[in-house]
Number of protein chains: 2
Amino acid sequence: MNSGISIKELAAALNLAPSTVSRALNDSYEISEATKQKVINMAEKLNYQPNPFARSLRANKSRTIAVVIPERINNFFAKVIDGIEEIAQEHGYHLLVYNTHEDVKKEKKILSLLQNGRADAIVMSVTSQTSDTSHLQKIHERGLPLVFFDRICGEIPTTKFITNDYESALKGTNHLIQQGCKKIAFLTLSKDLSITKERYRGYSDALKMANLTPEPTFSLYCKHSDEDNTELILKLLQSENRPDGIISSVEKLAISTYQAVRKTNLKIPYDLKIITFSNMSIAGILNPSLTTITQPAETIGQECAKLLIKKLTRPRQPDFLDQIIVIPSQIQIRESTMAR
Amino acid sequence: MNSGISIKELAAALNLAPSTVSRALNDSYEISEATKQKVINMAEKLNYQPNPFARSLRANKSRTIAVVIPERINNFFAKVIDGIEEIAQEHGYHLLVYNTHEDVKKEKKILSLLQNGRADAIVMSVTSQTSDTSHLQKIHERGLPLVFFDRICGEIPTTKFITNDYESALKGTNHLIQQGCKKIAFLTLSKDLSITKERYRGYSDALKMANLTPEPTFSLYCKHSDEDNTELILKLLQSENRPDGIISSVEKLAISTYQAVRKTNLKIPYDLKIITFSNMSIAGILNPSLTTITQPAETIGQECAKLLIKKLTRPRQPDFLDQIIVIPSQIQIRESTMAR
DNA sequence: CCAAAATACGAAAACGTTTGCGTAGTTTGA
DNA sequence: TCAAACTACGCAAACGTTTTCGTATTTTGG
């Protein structure tokens with residue numbers, strides 16, 4: 001299989017002890033320059049590659065970060081991972097990536113697997129089903145560095161990275177109001193999600209500030225397949241007292257809304273305006289083009305990774321502060337929220 | 001850090017030898033049922049988690065598969081990884097995922113890192129820059145199981161999984177011809193890519209069969225940013241002898257085409273018809289909706305993983321055959337290729 | 001009833017690193 | 001000049017598993 005040579009064989013080829021070779025390769029001050037050069041040259045010549053598992057076993061470090069996301073076919077999460085990977089690679093760290101598929105059972109299973117030290121740290125965004133957080137608590141209590149992003153878990157005292165969910169939702173809703181909307185609906189995945197709560201707060205406060213009352217039926221909690229969501233939204237659009245504006249908490253519900261609108265006689269933005277949290281690059285070529293609240297995905301990933309790397313690579317770092325770091329989104333206004 | 005208990009401590013708690021505990025946990029026939037139960041119960045009670053690095057070191061296996069892709073923000077690759085992960089998880093395998101960002105230098109660096117046995121196998125899709133394949137050859141010669149999908153490397157004698165690129169491109173081009181196109185352009189990334197060659201062959205043969213001649217200027221090789229691509233396509237569309245049909249080898253060039261068309265007076269499908277290889281779920285809500293050749297992404301991932309797992313989990317498996325396994329795409333006809 | 005086989009477990013080595021400790025040989029310092 | 005310090009390296013243990021080999025005890029069989 002992995003027929004590489006070991007440090008013993010390398011040492012034998014040099015008539016040196018393995019310990020000397022190890023120190024030479026690790027640039028120890030105890031080894032003379034001459035010897036170091038010899039070792040390095042021979043290592044190059046024989047293509048010596050240190051066995052990562054022996055290293056990990058010895059050092060109790062894996063140089064690996066686990067990333068746990070609820071969805072892979074998602075521009076936001078993909079970009080976050082790109083950001084994490086960028087920083088991780090700079091420091092020689094590898095990424096184990098796990099997709100929970102929005103399934104809390106899978107999330108628990110995966111976190112359980114990660115208890116054994118396979119990864120030095122975990123960066124994750126929880127499932128829309130995650131309300132019981134004992135599995136997360138267990139990981140944190142075990143001392144495994146854990147940070148959250150986007151869909152965070154408030155109960156765990158660690159650092160979380162999010163965008164300005166409240167403010168963006170407030171601004172987004174305000175934008176709809178300014179464009180003339182009176183009956184604004186809020187689309188999201190699950191009540192349990194941190195982002196749902198914050199974004200709903202922003203939505204709700206914006207309505208109140210405009211002396212509009214948030215109707216209960218205008219908050220749509222979608223959990224199922226894209227088809228089911230489209231159906232739900234269609235029903236809302238066909239109801240007697242239909243909304244004239246929509247703010248969507250996640251990208252795919254905006255897509256479902258476009259799908260649903262196609263089955264009606266409604267026209268965006270004339271009969272219905274819509275704004276969504278989204279990292280779609282193609283929002284601009286939808287017809288009508290889609291107004292988005294663009295989350296700083298890569299930056300979030302980079303910041304997560306930077307924090308982890310700092311903790312993992314420097315000696316005696318303190319535990320992560322129980323804090324929420326906010327990186328603001330940018331609203332891109334397009335046709336879907338044009339005033340008539 | 002990872003303050004779990006070791007098998008020694010577990011053995012001590014049971015007044016047994018570590019070897020006995022190990023055998024008990026691995027359900028060895030040499031251990032009595034009574035002892036097995038005791039061990040299992042105590043392991044549960046003390047939350048014993050075997051150290052994966054000790055195992056890997058001992059067994060020279062990592063239970064890890066490396067996935068190397070050129071782009072993460074891409075529905076096709078995301079779905080393939082989902083497929084790989086599904087099968088891998090069923091067999092207790094973990095996924096290290098690397099994004100080369102279409103950069104062959106990064107590809108080389110990553111493959112170099114993978115030489116040390118960190119992963120038991122590699123499944124990858126090469127960069128659009130990959131023409132020299134020595135780094136891939138080296139991995140293969142080292143005996144590390146390696147399979148390719150989609151963007152394959154013909155020089156390496158191993159198993160490759162692709163879709164019916166030639167046939168799909170042929171059918172897709174034929175479809176354009178049937179819908180009335182006379183001047184059909186072909187968009188792709190790089191001449192070096194396997195998929196480019198096959199899909200171009202299909203495109204070219206379809207033209208010949210219809211007594212049309214493929215014009216050199218109608219083959220667009222895009223390498224740069226989305227903006228540059230849009231510019232390139234725009235120039236093509238504004239040229240004197242502009243195409244009336246486009247078949248795009250990759251999703252994002254179809255998107256760029258939509259972007260470019262927006263800057264002209266052309267109307268899809270009246271002035272220009274377009275079909276593309278794509279795994280976008282939202283092809284249907286583009287305006288006009290986009291005719292696609294949908295690759296069986298999940299299946300490709302699953303098949304890659306199945307093949308690898310078979311080799312990794314069964315004793316004395318032969319090396320992968322030097323063969324290409326074809327899983328057909330499905331053409332979904334939508335508005336973008338409607339006849340006038 | 002006793003040799004042979006089967007059962008159930010333990011001791012120790014091995015996987016490939018890194019590192020604490022020991023030590024020749026050399027250099028330093030008063 | 002001679003003890004002290006330093007230089008440059010080797011020995012061996014340790015990380016946590018799994019597995020080979022060995023063996024005491026029990027069971028089987030003729």
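In what follows, chains carry the letters A, B, and so on, assigned in the order in which the sequence lines appear, proteins first and then strands, with residues in each chain numbered from 1. The shown structure was predicted, so the numbers you read here are calculated from the model rather than taken from an experiment. Just the heavy atoms: all of them, side chains too, but no hydrogens, waters or symmetry mates, feed the values below.
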Kindly point out which of [options] is positioned nearest to the side chain of [X]?
{"X": "B/L57", "options": "D/dT17, D/dT19, C/dG16", "value": "C/dG16"}
{"X": "B/P50", "options": "C/dC9, D/dT17, D/dG10", "value": "D/dT17"}
{"X": "A/N51", "options": "D/dT17, D/dG10, C/dT17", "value": "C/dT17"}
{"X": "A/S22", "options": "C/dT19, D/dC9, C/dC9", "value": "C/dT19"}
{"X": "A/K8", "options": "D/dG10, C/dT17, C/dA11", "value": "C/dT17"}

No-H, no-angle donor-acceptor pair, A/R23 side chain to D/dT7 base, under 3.5 Å:
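Flag unset: no donor-acceptor pair detected.
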Indicate yes or no: does A/K160 engage A/D322 in a salt bridge with an N to O separation below 4.0 Å.
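Salt bridge present between A/K160 and A/D322.
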D/dT17 phosphate, OP1 or OP2: any side-chain N/O from B/Y48 under 4.0 angstrom?
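So the side chain of B/Y48 is within the cut-off, an N or O lying under 4.0 Å from OP1 or OP2 of D/dT17.
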How would you label the contact of [X] with the nucleic acid (heavy atoms, under 4.0 Å): base, sugar-phosphate, or nothing?
{"X": "B/E9", "answer": "nothing"}
{"X": "A/S6", "answer": "sugar-phosphate"}
{"X": "A/T35", "answer": "sugar-phosphate"}
{"X": "A/S32", "answer": "sugar-phosphate"}

Are B/S134 and B/D132 linked by a side-chain donor-acceptor pair shorter than 3.5 Å?
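Indeed, the side chains of B/S134 and B/D132 share at least one donor-acceptor pair under 3.5 Å.
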Can you tell me if A/Q137 and A/E155 form a side-chain donor-acceptor pair at under 3.5 Å?
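There is no such pair between these side chains.
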Are the side chain of B/D120 and the backbone N or O of B/S62 linked by a donor-acceptor pair below 3.5 Å?
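Checking the backbone N and O of B/S62 against the side chain of B/D120, a donor-acceptor pair under 3.5 Å is found.
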B/R55 side chain to B/P50 backbone, donor-acceptor under 3.5 Å
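Side chain of B/R55 to backbone of B/P50, a donor-acceptor pair under 3.5 Å: no, none is there.
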Distance, rounded to the nearest Å, where [X] contributes [atom1] and [N] contributes [atom2]:
{"X": "B/R55", "N": "D/dC15", "atom1": "CZ", "atom2": "P", "answer": "19 Å"}
{"X": "A/K61", "N": "D/dG16", "atom1": "NZ", "atom2": "C1'", "answer": "18 Å"}
{"X": "A/L10", "N": "D/dG10", "atom1": "CG", "atom2": "P", "answer": "12 Å"}
{"X": "B/L16", "N": "C/dC9", "atom1": "CG", "atom2": "P", "answer": "7 Å"}
{"X": "A/E30", "N": "C/dG25", "atom1": "CD", "atom2": "P", "answer": "19 Å"}
{"X": "B/N60", "N": "C/dG16", "atom1": "CG", "atom2": "C1'", "answer": "10 Å"}
{"X": "A/I7", "N": "D/dG10", "atom1": "CD1", "atom2": "C1'", "answer": "13 Å"}
{"X": "A/Q49", "N": "C/dG16", "atom1": "CD", "atom2": "C1'", "answer": "14 Å"}

Tell me which of A/N26 and B/A17 sits closer to the 5' end of DNA chain C, going by the nucleotide each one is nearest to.
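Mapping each residue to its closest nucleotide by heavy atoms, the 5'-most match is B/A17.
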Shortest non-hydrogen contact from B/F53 to A/L57?
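Answer, listing the atom of B/F53 first, then A/L57: CB-N, 4.0 Å.
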Upstream residue (5' side of DNA chain D) when A/V21 and A/A54 are each assigned their closest nucleotide
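Its nucleotide being nearer the 5' end, the pick is A/V21.
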